[in-house]
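The next block holds one structure in the form of structure tokens; read it before the comments.
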Amino acid sequence: MQLTLNLAAAAAAGLALLAPGAQALLRFSCSQLVVERLDPLVNPGVTGSPHVHQIIGGNAFNASMDYPRMDMPNEATCTTCTFAEDLSNYWTAVLYFRARNGTYKRVQQMANSGFEGAKGGMTVYYTPSYSGGKVTAFQPGFRMIVGNPTYRTEAEAKKYRQLTYTCLENILTRSGETLDMPKKVCKAGIMANIRFPTCWDGKNLDTPDHSSHVAYPAGTFESGGACPSTHPVKIPQLFYEVIWDTRPFNNPADWPADGSQPFVWSYGDATGYGNHGDYMFGWKGTALQTAMDSNCNINCPQLKSQSISQANQCSKPVSVNENIDGWLTELPGGMPVTDASGKVIY
């Protein structure tokens, strides 16, 4: 009964939030797996990457995940996602509040509409197309990154499409997206929106920069733009919604004396222009392709599901033993906060 109610609520919420023209998509909850300084894409084999990440998905996540040595769907024993065949890993940086006295406090994540009861984490979307036609699901070993944590200017951020923020008036707010961090009090939290490119070169599962094997279509994905000849294979649009519960920090008296916004990313960015996300594909067998071919709309009877409470039970031990949740005198890992010139500002 709980799963039925959760799926019904998620479907209602998802349908309310669909962009005009979207004919089908997967929208599902993935609870928190672990929060720590690991990054098997950018810093493989390193226990203690430069900045903190929040990770969701299969519990095979660790510092070394090179393919084909590691077969994620077979090595993971559980997933924090409500589609039980999704053993992928998805991760982003972590948001911190910087108090007027210069100390930092981690901002927790909160459940999205329709997924009440989820333990942190985020909402994941896979959209096959806005204009019909077949898309090719990601292949075993596929991984990618969108965004760049070193960016600190609007011009840099515009190199990527649709890496934005929404200042939530309520949990259903989906208008007013900005490239930079909201500068005012957001009554219901701040949502980070991370949309990945939708064209693949059809050859490389990864590249040294983890992004050159994917590209954006001509025009926009929503308008059905054609993929470039260099990246001719249409892939689903992968999209993260991460809702940061900034409500405990909404008292302007706690904000900087000059009135500037007080939130910084774990990679030392107070502008928000360095917004980025990481992905490692790990669906079982042909499950994702089946879902894309079936034009599933929120619910997908072709896939195996689990309840949010079951997803909440999946976890992995922390590998980096450090304090990331107390009031900290610096960001974890000693990460400085820098401006566009690279100058340390905090």
Side-chain angles (χ1 to χ4, degrees), residues 19 25-26 30 39-44 49-57 61 65 88-95 121-128 130 135-139 141-166 177-181 190-202 204-222 225 227-228 230-231 233-244 265-267 269 271-282 288:
L25 55 73
L26 295 183
C30 293
D39 190 339
L41 266 183
V42 178
N43 305 105
S49 61
H51 64 266
V52 179
H53 297 97
Q54 61 86 17
I55 301 102
I56 62 171
F61 184 84
M65 300 181 70
S88 306
N89 285 118
Y90 314 79
W91 66 97
T92 74
V94 170
L95 196 64
M122 56 192 183
T123 303
V124 175
Y125 295 76
Y126 287 83
T127 305
Y130 274 67
V135 298
T136 299
F138 307 109
Q139 303 299 301
F142 184 92
R143 60 268 323 264
M144 62 179 168
I145 292 175
V146 67
N148 189 321
T150 68
Y151 286 177
R152 298 290 184 273
T153 68
E154 181 179 3
E156 290 174 318
K158 284 183 175 179
K159 295 177 183 178
Y160 296 97
R161 301 180 189 176
Q162 299 175 306
L163 297 180
T164 63
Y165 302 89
T166 305
E177 292 184 36
T178 60
L179 290 175
D180 59 347
M181 198 77 73
I190 295 174
M191 184 166 71
N193 310 294
I194 300 171
R195 301 172 180 90
F196 288 77
T198 54
C199 300
W200 176 42
D201 66 12
N204 295 293
L205 299 174
D206 194 11
T207 46
D209 64 359
H210 312 296
S211 59
S212 294
H213 57 315
V214 293
Y216 294 105
T220 66
F221 170 70
E222 291 79 7
C227 285
T230 54
H231 297 75
V233 181
K234 289 186 176 182
I235 52 177
Q237 185 189 63
L238 180 62
F239 171 28
Y240 305 164
E241 287 181 337
V242 192
I243 301 180
W244 299 96
W265 284 112
S266 55
Y267 52 89
D269 175 20
T271 68
Y273 292 128
N275 191 9
H276 63 287
D278 301 59
Y279 173 63
M280 281 190 174
F281 172 81
L288 182 59

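- Between the side chain of Y267 and the main chain of G274, a donor-acceptor pair closer than 3.5 Å is present.
- Counting only heavy atoms from C-beta outward, the side chains of R161 and P217 approach each other to under 4.5 Å.
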Practice problem: Carefully, step by step, assess M122 and I194 under the rule side chain to side chain contact (heavy atoms under 4.5 Å, CB included). | Solution: CA-CA 11 Å; M122 56 192 183; I194 300 171; over 6 Å; no

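- Between H51 and H276, the two ring planes are perpendicular [angle over 60°; tilted spans 30° to 60°].
- Within the model, atoms CD1 of I190 and CD1 of I243 stand 11.5 Å from one another, a figure rounded to the nearest 0.5 Å.
- Taking the centre of each ring, Y216 and Y160 stay at or above the 6.0 Å mark.
- Of the options T136, V135, L25, a side chain to side chain contact (heavy atoms under 4.5 Å, CB included) to P236 is made by V135 and by none of the others.
- In this structure a side-chain-to-backbone donor-acceptor pair under 3.5 Å is present from H213 to R143.
- Side chain of Y240 to backbone of F196: no donor-acceptor contact under 3.5 angstrom is found.
- Using a distance-only test at 3.5 Å, with no hydrogens or angles considered, a donor-acceptor pair links the side chain of T207 to the main chain of S212.
- Summarising the geometry, atom OG1 belonging to T220 is positioned 9.5 Å from atom CD belonging to Q237; distances are rounded to the nearest 0.5 Å.
- The ring of F142 has its center no closer than 6.0 angstrom to the ring center of F281.
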Report task. Decide side chain to side chain contact (heavy atoms under 4.5 Å, CB included) for E241 and N193; before the verdict, give the C-alpha distance in whole Å, the side-chain angles of both, and the deciding distance to 0.1 Å. Result -> CA-CA 5 Å; E241 287 181 337; N193 310 294; 4.1 Å; yes

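- Summarising the geometry, atom CG belonging to L238 is positioned 11.0 Å from atom OG1 belonging to T198; distances are rounded to the nearest 0.5 Å.
- Under the rule for a salt bridge (charged side-chain N to carboxylate O under 4.0 Å, His left out), the partners of E177 that lie at least two apart in sequence or sit in another chain are R195.
- Closest approach of V124 to C30, counting heavy atoms only: CG2-SG, 4.1 Å.
- Of all heavy-atom pairs spanning N89 and I56, the tightest one is ND2-O, 3.1 Å.
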